[in-house]
Amino acid sequence: MRREILIIGGGIIGLAIAIELKSQGAAVTILCRDFAEGATHAAAGMLAPEAEEIPPSPMLDFCLASRALYPEWIQKLEALTGMNAGYWDCGILAPRYQVSEGSQWLDRAALLTHQSELGEDVVGGYWFAKDAQVDNRALAKVLWMAATALGVEIRTEINIERFAFDTNIHALETNQGRWKADHYILATGAWSQELLPIPVFPRKGQMLSVQVPDAVNLPLRQVLFGEAYIVPRQDGRIIVGATSENVGFQVGNTAIGIHTLLSNAIRLYPPIQHFALQEIWSGFRPATPDELPILGESPYENLTLATGHYRNGILLAPVTGSAIAQYVLTQKADPQLEAFHYSRFS
Ligand code: GLY
């Protein structure tokens, strides 16, 4: 029997799951409040399990698995849509102001062969050749188009008011009536507590972008990851991020937020000071107490969780999409998902 599945949330995680489920024959509808409000739109798009220094753990394995899936995943999506998602296996350089060690450590001279014009306080740094980036806003559009092309129904401006449930979810009460399905997936990121008492809360990040004067001869050709991160796009934009603030859903940018980002970025890579300021924005990472996502089973048999990706939602989209789709379709426990079970908080 074909299963009817409702996904709550139209960010990168909801879309990745929808595409996987639809490709395997399920009937999928996404209910989305506001496509541009989520962390997907606000992120920088780094695919950075090494630069983020995630310690050896099931989380690191999950992140590395997802980074490995990226090239083929993007290729499929681009073939389906004819659009470019801005994937770039550019590597990430992590400059440091204090000498350190390790197999990936480079001294200042070696670092400067990777990237010229680094700040004078930089004494060396790490080179993570396999870390990469994707243009998260372009990818969101590609995913949306791919989902639509495959026949996923996407409904926007839907406010979910509550679940109607006893031991199971019976329906979703929304501003546009009741929605029913065989199975439900919660992928609402930082807003997950509006529907379920799970510990996902917003961690605000302020961001900005500048534009290089000559987009043909790009001065930066890899991500720089230090006190700020500096993410050059192939079209000449450079994304600078990010603050990390526990201020609830307080929207907008502050003078100190932008000041901190700019001074950290200029110290790391002084040429930034001359580039044209293009945009400032902010967003809300879906954080959890242990900074790990909440994936798989929920207290309700027909509700699956896919939320709390914190700093790694863009990175974890391909592996979350395939693992959650498999779990929903087979209802078989996946060892990959064990470390991310909601019950660890009870
Ligand atoms: N992934 C980087 C950040 O969340 O700021």
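One-based numbering, in listed order, for ligands and for the atoms of each. Positions are given from 1 along the sequence.
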| field | Stepwise ring-ring contact (aromatic ring centres under 6.0 Å, His included) test for Y87 and W73 | value | CA-CA 10 Å; Y87 173 76; W73 188 62; 9.8 Å; no
| Distance only, no hydrogens: is a donor on one side chain within 3.5 Å (strictly under) of an acceptor on the other, for E301 and N168? |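 Side-chain D/A pair, E301 to N168: absent.
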| message | For F35, I'd like to know if atom CZ has over 12 heavy atoms of other residues, nucleotides or ligands within 6.0 Å. | response |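 Correct, the count exceeds 12.
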| query | Side chain, backbone, both or neither: which part of Y310 has a heavy atom under 4.0 Å from ligand 1? | reply |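 Neither part.
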| task | Please check if the distance between the ring centroids of F128 and F225 is under 6.0 Å. | result |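 Centroid distance F128-F225: not below 6.0 Å, so no.
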| request: Identify the protein heavy atom lying closest to atom 4 (O) of ligand 1, giving its residue, its atom name and the separation to 0.1 Å. | output: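 Nearest protein contact, heavy atoms only, for atom 4 (O) of ligand 1 is R285 NE, 2.7 Å.
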| For atom 3 (C) of ligand 1, what's the nearest protein heavy atom and its distance? |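 That would be Y229 OH, 3.3 Å.
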| Of all the atoms in ligand 1, which lie at a distance below 4.0 Å from a heavy atom belonging to E52? |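 Going through ligand 1 atom by atom, the ones under 4.0 Å from E52 are 1 (N), 2 (C).
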| message | When you compare ligand 1 with R311, is there at least one nitrogen or oxygen pair between them that comes in under 3.5 angstrom? | response |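 Checking ligand 1 against R311, an N or O pair does fall under 3.5 Å apart.
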| L316 reachable from I324 in the ILVMFWY side-chain graph, under 4.5 Å edges |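 Same hydrophobic cluster.
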